[in-house]
Every structure is written in C-alpha cells, then in structure tokens.
Amino acid sequence: MTARPAQTTTPTTETTERTTAAAPTTTGPATTAEPAHRWVSARVRILLWLLVVMTVALTAVAATTRSVLLRDVDHRVDRLLAQETGEFANFVRRGVDPRSGERFTDPDPLLKLHLERQYADPDEELLGLVDRGSDRTPAKKEQSRAPDVDHALAQDPAGLRAVFGSPDATGTLDRPGGVIRWSKVEIGAGDGRPAAAFVVAFHPEREQAKAEGVFHMLLAISGVALLMTTGIGWAVAGRILRPVRLVRTTAAQLTEQDLTRRIPVQGRDDIAALAETFNGMLDRLERAFAAQREFVDDAGHELRTPITIVRGHLELMGEDPREREETVRIVMEELDRMSRIVEDLLLLAKAERPDFVTPEPVQLAELTADVFVKARALGERDWELAEVADTEAELDPQRITQAMVQLAQNAVQHTVPGQRIGIGSRLVHGRVGREQVELYVADAGPGVTDQDAAVIFERFRRGTARRGSRSAGAGLGLAIVQAIAQGHGGHAELSRTDGGGATFTLVLDRTEPK
C-alpha cells in the first residue's frame, strides 16, 4: 500500500462534465472571403483568408488540447480507482485481524482497519459500507475523512443506495451536486456476516476544470494571436501589394498622349518581376504608339507634296493634247512615288512586329552570290564580288536580299558609269567575343559628309546633294535597311571606303542553325 496525503481539498460545486464549451467556430471571415462586390481589394481578401486559416488552425489546436487533457483526467481517475480497489482486494485476501491473529470474519473491523491505513487524495472519498437494514439500505460503518469535498457521497443516502445496490463494479453517478466516478469491492454476506462493500468515489470536477481552464487560456491566446495577425497581415499585405496598387494607379493614369510613366522596381521577387513585365509592356506600347504617330506624320508630310503637285497640274490642265499628255505623265509619276512611299512606310511599320523576319539556315556564300547577280542589273558599274563568307547562319534571306539590293541601288544612284561597286560578306569576331556576320556594299563615289553620316539612317533623310546623284527617293531606303538589320538583332553602319567612297555594312550576330 502507498501512503497519500491525509486531507483533501474542496472541489468545484458544480460539475463541468456537461460543459459544452467547445472551441468557438468563428466563421465570420469565411462568409466574407468570397467577395460579394468587385471593389473588395486583394489586400482584404488575403487578410480574410489568412484569418480563416488561422482561426481554423488555432481552434483545432485548442479543441485537441482540451480533448487530450480531459482524456488524461479520465485515465488518471481510472488508474486511481483501479489502484484503490486493487489494494483493498489484496488486503481482503491477505489481511489478518491484529486482535485475533486470524483472517477477518467480520467486515466491520476489516473496513475500519483498511480505512485507518489510507489517506484520501484530493477530490477522493474512501467509504466502507455495511448492510444493516432489512431494506438493504447501507449504513456507513467507517469512511476516510474528506472535509474539502462538497456534495460528498457519504452525505447522499440516495447515492449510497445506488452505488451499493449496483451490480457493476464501477460506474458513474450523475447527481445534482456533480458527477462522481466510483468503483467498489463487495464483501459477500454469509455465516451470519452482513453484506458490505469498499467504495472509492472520485469527484472529477476540479481536474476537469483545470483542463477547461487551459482550454479557455488557449482561446484567449488564440484571440490575441488573431488580433496580432490581423495587424501584421494588414501591414505585410499592404507592403507586398504596394507595387500592384502602383501598377493599377499607373495604368489608370496612362493615356495615348503620355506613355512615359514607369513603375519603380524594387527587390527581386515576383512582384518586382510583375513590375518589370508591366514596364516592358509600357515600352512596347510606347514604341507602338510612337510608330503609329510617326507613320501618320511621315505619311502626311511626304504625301502632301505629290498630292499638291497632282492637284495643281490637274487644275491647270488645258485642252492642248501635248499639255494633257505631259500632265498625265507627271501625275502618274507622282502617283507612283506616293505608292512607293506608302509601301515603304507600311514596311517600316511592319518592322515593329515579331514576324517581320523569318530566319532559316542560309549559306552566306550562296546568298552573297545571288545578291551580286541581282545587283548587276541595276546599272552599268564596275561590279565586283569582293569576298564571301563560307559559313552557315540563321537569317531571313528575302529580307537580307532586300536590304542588300537597296544598298546597291543607293550606290548606283551616287556613282557614275564605270565606277567600282563591291559586294561581299565576311565572318568577324565581335567586341564581346561572339562571331558576327558582315554583309556590305562599298562604292567609289563621292562619299558621305560627316553631317549626313550622323542622320543618314533616319527616315526621310536624303542628305546633301552629291556628285552624280540622281536620287528622287523619299529618304526611306536606308531606314528600311536599318530596320531589317535590327530585326535580325544587329544594325547597319556606315564607313569610308579605302580610296574614297562609302561602305554600308549589315552587322549581324551569327546564330548557329538549329
């Protein structure tokens, strides 16, 4: 037997076994998580979902803790009842009456001696019951003192009768004063001995109240955690979504007249990537609108003169057949020029599209030879195939041919018959160590002034008059050449030819065929 404290403490006056203080199922945020209106911001939705998840998680933790604690109380009570009844059963089997030195034959001294040697745990009653009445109403013979237990079973005759008369060895007694867990060991009647029983009664209210106290403490801590989560989540969500709000504000402020606003990029996360993507989209939009405005401005500027010429000649056209024939010839020439201008402008506008060039594997030697053959038909010049690059690259052969023929036509217009024009291609190493392809047209004409060289690839830049020039173009040829080079990821450049003249070169990064 083990000795325990002699005194007990007072349990709570009301049982908490029936308490249904379940974890609060606060689902308010869940009902508002799905936005009922379009104006519910992403910041609010993120915060609501965070609160829903936190509420569910904290509620589950609190409820699970409460369940575990209550289960531990039940297990401790079961162990205590089993221990007490086991000790009494062992005492019945082996106990000896100290007065006679023999086995106990009367339950009264047996119960009295056992109870004298026991100390009740808090909230525990140890009772010895003996049947003294003809109506089998048990009379208390001995019991351990438990002065701190309210609504003690020893003071409840009805409860004593229910426990004593129960055929079960253990059970639960639900009384107005509280729930009692009990266990008993019966001593059967016989040989003139009355029926008796040793009863262990435990009042679990206080132990259960401790578990409920921990549960409510967890709920309070969870409430504080939710409040802190609300504040921190609101601040963090606002900080994270600040670039998104800036994107929305910037998009609302954009107009066709002002596409220069950009979003400052900070950090290296997904939001920063979104800002960079949005800025890239704005760059493309700005270029597209600029190209559109430039197309309209250029078309209006360049077409105004031929339209004026056509209208003026038609208004002044007389009845003379020769005059009418001359007028028709001039009008047709101006209409042809307008048609070429429109086609060139459309080509430059198309250069902004991703499908402007269609690269494919091309043998540079064959491409250079084809361009040389086509260029020879442009005029009587001293044509020379200077060099060819014996390699393969990813190019758009039609666009490259168009650019090279345009350069050859430009060279013909600024040279006289008999002057040399060289066409060639070569493979060189770029400044960053990458291989580059150069296709060039070199003439022996008067060359290009420094003033013209700075703007020669811009639209409608015809340059100053040069010796032998018979150009009547709109100044779009070299702009088209530059657009084709840029479509291949390269550029067009101008340099002086050895011995005099100008050399126009397409500089393209060499891309290995796939």
Ring-plane angle category for Phe198 and Phe88, please: parallel below 30°, perpendicular beyond 60°, tilted otherwise. parallel
Can you see which heavy atom on [X] is nearest to which on [Y], and at what distance?
X	Y	value
Trp182	Ser166	CH2-OG, 3.6 Å
Trp234	Val44	CZ3-CG2, 3.9 Å
Phe91	Arg117	CE1-NH1, 3.7 Å
Lys184	Thr85	N-CG2, 4.2 Å
Leu364	Ala389	CB-O, 3.4 Å
Ala162	Leu173	CB-CD1, 4.3 Å

Answer whether the closest heavy-atom distance between the side chains of Phe457 and His491 falls below 4.5 Å. no
Just jot down the side chain to side chain contact (heavy atoms under 4.5 Å, CB included) partners of Glu360, sequence neighbours excluded, or say none. Val362, Pro397
Return the set of residues passing side chain to side chain contact (heavy atoms under 4.5 Å, CB included) with Gln398 (not counting sequence neighbours), or none when no residue passes. Asp396
Sidechain-backbone polar pair: [X] side chain, [Y] backbone, donor-acceptor under 3.5 Å:
X	Y	answer
Thr505	Val507	no
Arg175	Ile180	no
Arg103	Val92	yes
Glu438	Arg426	no
Ser67	Ala63	no

What do the steps show when you test Phe215 against Leu69 for side chain to side chain contact (heavy atoms under 4.5 Å, CB included), and what is the final call? CA-CA 9 Å; Phe215 171 68; Leu69 292 176; over 6 Å; no
After noting the C-alpha distance and the side-chain angles of Gln208 and Glu212, does the key distance pass the side chain to side chain donor-acceptor pair (under 3.5 Å) rule? CA-CA 6 Å; Gln208 292 173 344; Glu212 295 293 342; over 6 Å; no
Evaluate the side chain to side chain contact (heavy atoms under 4.5 Å, CB included) criterion for residues Val77 and Leu81: first the C-alpha distance (whole Å), next the side-chain angles of each, then the deciding distance (0.1 Å), finally the verdict. CA-CA 6 Å; Val77 172; Leu81 295 178; 3.9 Å; yes
Side chain to side chain contact (heavy atoms under 4.5 Å, CB included) between Ile400 and Leu508, intermediate numbers included: CA-CA 11 Å; Ile400 294 298; Leu508 314 175; 3.7 Å; yes
Please lay out, stage by stage, how Leu127 and Leu153 fare under the test side chain to side chain contact (heavy atoms under 4.5 Å, CB included). CA-CA 9 Å; Leu127 304 172; Leu153 179 61; 3.8 Å; yes
With side chain to side chain donor-acceptor pair (under 3.5 Å) as the criterion, how do His488 and Glu394 come out once you've worked through the C-alpha distance, each side chain's angles and the decisive distance to 0.1 Å? CA-CA 9 Å; His488 286 81; Glu394 286 278 338; over 6 Å; no
